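Index from 1, following the sequence. Computation of the quantities below employed the complete heavy-atom set of this structure, encompassing side-chain atoms and omitting hydrogens, waters and symmetry-equivalent molecules. These numbers were taken from a predicted model, which means no experiment stands behind them.
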Amino acid sequence: MHIQRVEMLTDEVFDAILRLIPEIGTHKPLPTHPELDALIRSAASTLWVARFPDEHGPIAGMLTLSIYQVPTGIRSIVEDVAVDSNFRRKGIAKALMEAAIEHARAAGANGIALTSNPKREAANRLYQSMGFEKRE
C-alpha cells in the first residue's frame, strides 16, 4: 500500500474522488473539477490518497485533513475518509488515518477531530481502536 498527498489534480485523481465520495454516502455532493483543484491548492487542507497494492496500483481510498490556527493553538480535523468497497479490510483507512495523524502532529496540531455517521459502524470501530473517543 502507498499513501500519498495529492499535489496536482490529474484525471485519475479526479475520477477516483468522484468514485469514492458515494462510499461516504449517496447524499454527498460530488465536487467539480475547480472545487477539487482549489482543495488541493489550499494552504489549510490536504487531500491524501491510498494506492493498493503499491504506488503503481489504483487509488483505493482517500482522506482530507484540514489544519488551522485558533487563538488557543493549532487544530486539525479529518473529513471524507472513503475506501473503495472492493478494497475494504486491507488496512487502507487505518494507513490513511496514520498518515493524517503524523502530518497533523508535524504541523504542531494539539489534537485531531473527526466526525463519522454512527451508521458507519466499521469506520467508527476503527477510529475508536486508534484512540479517538466517541462523543454524543
Side-chain angles (χ1 to χ4, degrees):
M1 173 173 354
H2 179 73
I3 307 299
Q4 67 187 75
R5 179 179 173 173
V6 176
E7 302 287 343
M8 181 174 67
L9 183 57
T10 63
D11 288 342
E12 177 196 24
V13 170
F14 183 69
D15 292 344
I17 300 309
L18 295 184
R19 178 175 44 80
L20 288 166
I21 287 185
E23 299 285 355
I24 302 168
T26 56
H27 65 286
K28 297 287 185 177
L30 297 176
T32 64
H33 198 280
E35 290 169 337
L36 201 50
D37 190 52
L39 167 69
I40 292 166
R41 291 185 291 111
S42 169
S45 298
T46 53
L47 176 64
W48 298 80
V49 295
R51 293 180 177 277
F52 191 86
D54 57 28
E55 69 270 13
H56 303 293
I59 295 172
M62 68 173 219
L63 173 150
T64 303
L65 173 68
S66 295
I67 300 173
Y68 54 96
Q69 181 76 44
V70 295
T72 56
I74 298 173
R75 302 281 190 274
S76 63
I77 187 166
V78 168
E79 296 278 354
D80 294 346
V81 180
V83 174
D84 185 312
S85 59
N86 297 312
F87 293 94
R88 296 217 174 125
R89 303 209 186 292
K90 298 183 184 311
I92 293 170
K94 184 174 183 178
L96 283 163
M97 289 294 296
E98 288 170 344
I101 291 166
E102 182 179 321
H103 186 74
R105 283 186 180 145
N110 58 5
I112 300 174
L114 67 86
T115 60
S116 183
N117 186 323
K119 293 177 183 175
R120 298 183 71 207
E121 294 175 9
N124 283 288
R125 281 192 304 274
L126 169 67
Y127 303 144
Q128 290 176 28
S129 76
M130 295 183 77
F132 287 87
E133 296 177 11
K134 184 177 178 180
R135 293 189 208 173
E136 297 300 323

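- Shown here is Gln4, whose CD atom has more than 12 heavy atoms of other residues, nucleotides or ligands within 6.0 Å.
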Criterion side-chain contact (heavy atoms from CB on, under 4.5 Å) on Asn110 and Arg75, from CA distance to verdict
CA-CA 6 Å; Asn110 58 5; Arg75 302 281 190 274; 2.9 Å; yes
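- In this structure the side chain of Met97 reaches within 4.5 angstrom of the side chain of Leu63, judged on heavy atoms.
- Scanning all heavy atoms of the two residues, the minimum distance from Ala50 to Ile3 falls at CB-CD1, 3.4 Å.
- Side-chain atoms of Arg19 come within 3.5 Å of backbone N or O of Ile59 as a donor-acceptor pair.
- Side-chain heavy atoms closer than 4.5 Å link hydrophobic residues (I, L, V, M, F, W, Y) into clusters, and following such links, possibly through other members, connects Leu114 to Ile74.
- With contacts defined as side-chain heavy-atom distances shorter than 4.5 Å, the pair Met62/Ile24 qualifies.
- Shortest non-hydrogen contact noted between Ile67 and Ala107 is CD1-CB, 3.7 Å.
- Crowding of Asp11 atom CG: a count of heavy atoms from other residues, nucleotides or ligands under 6.0 Å not exceeding 12.
- In terms of heavy atoms, Val13 sits closest to Met8 at CG2-O, 4.4 Å.
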Would you sort out whether Leu20 and Asp84 count as a side-chain contact (heavy atoms from CB on, under 4.5 Å), showing the intermediate values?
CA-CA 6 Å; Leu20 288 166; Asp84 185 312; 3.9 Å; yes
Evaluate Val83 against Glu23 for side-chain contact (heavy atoms from CB on, under 4.5 Å), listing each step before the verdict.
CA-CA 7 Å; Val83 174; Glu23 299 285 355; over 6 Å; no
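- A side-chain donor-acceptor contact under 3.5 Å links Asn124 to the backbone of Asn117.
- The side-chain heavy atoms of Glu79 and Ile77, taken from C-beta on, include a pair separated by under 4.5 Å.
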Assess whether side-chain contact (heavy atoms from CB on, under 4.5 Å) is satisfied between Leu9 and Ile17, documenting all intermediate values.
CA-CA 10 Å; Leu9 183 57; Ile17 300 309; 5.9 Å; no
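- Cluster membership check: Leu126 does not share its hydrophobic cluster with Val49, using side-chain heavy-atom separations under 4.5 Å among Ile, Leu, Val, Met, Phe, Trp and Tyr.
- Under the 4.5 Å side-chain criterion, counting only non-hydrogen atoms from C-beta, Tyr127 is not in contact with Val78.
- Taking CD1 of Ile92 as the reference point, atom NE2 of His2 lies at 13.0 Å (rounded to 0.5 Å).
- The shortest side-chain heavy-atom distance between Pro31 and Leu39 does not fall under the 4.5 Å cut-off.
- Of the possible donor and acceptor atoms, one in the side chain of Glu35 sits under 3.5 Å from a partner among the backbone N and O of Thr32.
- Distance check: His103 NE2 to Leu65 CG gives 6.0 Å after rounding to the nearest 0.5 Å.
- By the neighbour-count criterion of 12 heavy atoms within 6.0 Å, atom CD of Glu121 is sparsely surrounded, having that number or fewer from other residues, nucleotides or ligands.
- Between Asp37 and Arg41 a salt bridge is recorded (basic side-chain N to carboxylate O distance below 4.0 Å).
- Counting only heavy atoms from C-beta outward, the side chains of Glu98 and Met130 approach each other to under 4.5 Å.
- Ala100 and Ile112 get closest at one heavy-atom pair: O-CD1, 4.4 Å.
- Nearest approach of Pro22 to Leu30, heavy atoms of both residues: CD-CD2, 4.2 Å.
- No donor-acceptor pair closer than 3.5 Å links the side chain of Thr64 to the backbone N or O of Trp48.
- Ser76 has its side chain out of reach of Ile101: every pair of non-hydrogen atoms, C-beta onward, lies at least 4.5 Å apart.
- The shortest side-chain heavy-atom distance between Ser116 and Phe132 does not fall under the 4.5 Å cut-off.
- By the 6.0 Å contact criterion, CZ on Arg105 is open, its count of non-hydrogen atoms from other residues, nucleotides or ligands being 12 or less.
- Between His33 and Phe14, the two ring planes are tilted [angle within 30° to 60°].
- From Gln128, atom CD reaches atom CD of Glu133 across 9.5 Å, with rounding to the nearest 0.5 Å.
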